Amino acid sequence: MPELKDFASSVAIVVSSCDAFFDAWRPFVFFFRKHWSDCPFPVFLIVNRLQVRSNLIRPIGVGPDRDWAANMQVALRQIPQPYVLYLQEDYFLNGPVDREQLAADFAYAFEHDAASFCFYGRSQLERDFVKLNDRFGIVPRESDGRTRLQATLWKKGVLQSALRPGETAWNMEARASERTRDLLTLSYMGRNNIPIPYLMSAISRRLWTPEAISLCQKENVRIHPRFRLAHSDVAWRRRLRRGLGRMRLALALARQGNHPLDLDGPYD
């Protein structure tokens, strides 16, 4: 049976982020370490200018924030591994990683030269989705959901070729399926037996979701600095809270300055 360590030289984890979301970095590291303490892969975090200190995370500085795709292009050029497991800073692991299942999935993707393998279940299956087993299958060629930015194993070269400077992550998901039409794309069908369980997402429209706040409180994880406000179902409140959050973010970044952010220990 394959083991995750068998892929240690071929796979890196890339955590998509930017300095505007640095309040999520410590919770991300806490939950990652809690549920995947023996991860054999290097973990790279995309940052702009902030400095971080961590025994788990390796920062990749991409300079001034331009857009999601441009930042990702710069980061991927600095990762030597041919495959990347894509995560985001607000994907907080909320259960143990099924190492045996994930290793089997990696083995299938490698053996069949899959371009990407999404480990998060689809909202609905297309009529011509090809089930390979009780967990995952082949995404149809004509599907508009071929390019997804959930927890996904990508051939790095495929991801690089699908990127277009100027696009956001949402643009990528909406437009890039056409760019991978002739490549093998795999995806989990449901969300109950995924190998990497996580909260998707901890941040919505730049506001903390109630689920994320509850999860952090349950684990006594301090969100600091706390410049981002809580999500609201009322549109005008969301707009007001986002505006306040932007002002508070500027102050938080100014206070952080050139001081390294310790992602492993308590804040001062």
Side-chain angles (χ1 to χ4, degrees), residues 11-18 20-21 24 28 44-46 60 62 65-77 79 83-94 105 109 114-130 135-191 194-209 211-212 231 238 242:
V11 177
I13 296 175
V14 59
V15 183
S16 176
S17 191
C18 64
F21 290 84
F28 175 90
F44 295 97
L45 172 70
I46 299 177
I60 294 182
V62 297
D65 193 31
R66 286 159 290 180
D67 54 72
W68 175 86
N71 290 348
M72 185 61 64
Q73 283 183 323
V74 173
L76 290 177
R77 287 197 291 268
I79 296 176
Y83 286 81
V84 292
L85 177 60
Y86 177 93
L87 298 175
Q88 292 182 184
E89 81 285 289
D90 66 335
Y91 290 176
F92 294 173
L93 300 191
N94 57 9
D105 293 343
S116 65
F117 192 156
C118 181
F119 300 115
Y120 195 77
R122 307 175 77 74
S123 56
Q124 63 180 26
L125 296 182
E126 298 90 340
R127 292 173 57 185
D128 46 354
F129 184 95
V130 179
R135 302 197 314 274
F136 61 82
I138 300 173
V139 181
R141 184 181 186 280
E142 301 304 321
S143 172
D144 291 330
R146 295 177 58 80
T147 305
R148 303 178 69 212
L149 295 173
Q150 300 302 324
T152 300
L153 179 70
W154 283 89
K155 290 182 73 172
K156 187 178 68 174
V158 171
L159 179 56
Q160 288 174 308
S161 67
L163 295 171
R164 298 293 184 275
E167 289 189 343
T168 66
W170 295 271
N171 295 151
M172 172 80 166
E173 288 194 319
R175 303 170 183 171
S177 290
E178 181 62 37
R179 303 165 197 165
T180 63
R181 290 285 184 222
D182 298 322
L183 302 175
L184 175 60
T185 299
L186 305 173
S187 176
Y188 263 63
M189 296 178 287
R191 299 177 182 177
I194 57 177
I196 308 175
Y198 61 98
L199 173 65
M200 200 292 297
S201 296
I203 297 172
S204 175
R205 300 184 182 183
R206 292 184 173 264
L207 299 171
W208 286 111
T209 63
E211 295 83 0
H231 190 272
R238 287 198 301 271
R242 283 197 295 269

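Each residue takes its place number in the sequence, starting with 1. Source: prediction; values computed, not measured.
- A donor-acceptor contact shorter than 3.5 Å links the side chain of R122 to the backbone of G145.
- Across all their heavy atoms, R191 and S123 have their closest contact at NH2-N, 3.5 Å.
- With rounding to the nearest 0.5 angstrom, the CE atom of M72 is 12.5 Å from the CZ atom of R66.
- Counting heavy atoms from C-beta on, the side chains of I203 and W208 come closer than 4.5 Å.
- Look at E178 and R181 and you find a salt bridge, because one of the NZ, NE, NH1 or NH2 atoms lies within 4.0 Å of a carboxylate O, short of that distance.
- Looking only at side-chain heavy atoms (C-beta outward), N94 and E211 stay at 4.5 Å or farther from each other.
- Between F119 and L85, the closest side-chain pair of non-hydrogen atoms falls below 4.5 Å.
- In this structure the side chain of L159 reaches within 4.5 angstrom of the side chain of M172, judged on heavy atoms.
- Closest heavy-atom contact between A202 and F92: CB-CE1, 3.6 Å.
- A heavy-atom distance below 4.5 Å is not found between the side chains of I138 and T185.
- When every heavy atom of R206 is checked against every heavy atom of A20, the shortest pair comes out as NH1-CB, 4.1 Å.
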Please evaluate residues D105 and Y188 with respect to the criterion side-chain contact (heavy atoms from CB on, under 4.5 Å), reporting the C-alpha separation (whole Å), side-chain torsions for both, the decisive distance (0.1 Å), and the verdict. CA-CA 10 Å; D105 293 343; Y188 263 63; 2.5 Å; yes
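- In this structure, the side chain of R148 engages the main chain of Y120 through a donor-acceptor pair within 3.5 Å.
- S161 places a side-chain N or O within 3.5 Å of a backbone atom of V158 that can act as its donor or acceptor partner.
- With Q150 contributing its side chain and C118 its backbone, the two residues share no donor-acceptor pair below 3.5 Å.
- For the atom pair Y91 OH and S17 OG, the distance stands at 12.0 Å (nearest 0.5 Å).
- The two residues L183 and A115 make their nearest non-hydrogen contact at CB-CB, 3.7 Å.
- Considering CG of D67 and CD of Q73, their distance stands at 8.0 Å, rounded to 0.5 Å.
- Among all heavy-atom pairs drawn from R164 and A69, the shortest one is O-CB, 3.1 Å.
- Of all non-hydrogen atoms in E173 and L149, the two that sit nearest each other are OE2-N, 2.7 Å.
- No side-chain heavy atom of L76 sits less than 4.5 Å from a side-chain heavy atom of W154.
- Under a 3.5 Å cut-off, the side chain of Y198 and the backbone N or O of A151 do form a donor-acceptor pair.
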Evaluate side-chain contact (heavy atoms from CB on, under 4.5 Å) for F117 paired with T152, printing each intermediate quantity in order. CA-CA 5 Å; F117 192 156; T152 300; 5.5 Å; no
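- The shortest side-chain heavy-atom distance between S116 and T180 does not fall under the 4.5 Å cut-off.
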So T209 and D90, side-chain contact (heavy atoms from CB on, under 4.5 Å) or not? Walk me through it. CA-CA 10 Å; T209 63; D90 66 335; over 6 Å; no
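- The OH atom of Y86 sits 14.0 Å away from the CG atom of L153 when rounded to the nearest 0.5 Å.
- Atom CD1 of I46 sits about 9.5 Å away from atom CD of Q88, to the nearest 0.5 Å.
- Atom CZ of R205 has 12 or fewer neighbouring heavy atoms from other residues, nucleotides or ligands inside a 6.0 Å radius.
- Within the 4.5 Å cutoff, no side-chain heavy atoms of V84 are placed close to those of F44.
- To the nearest 0.5 Å, atom CZ of residue F129 and atom OG of residue S187 are 5.5 Å apart.
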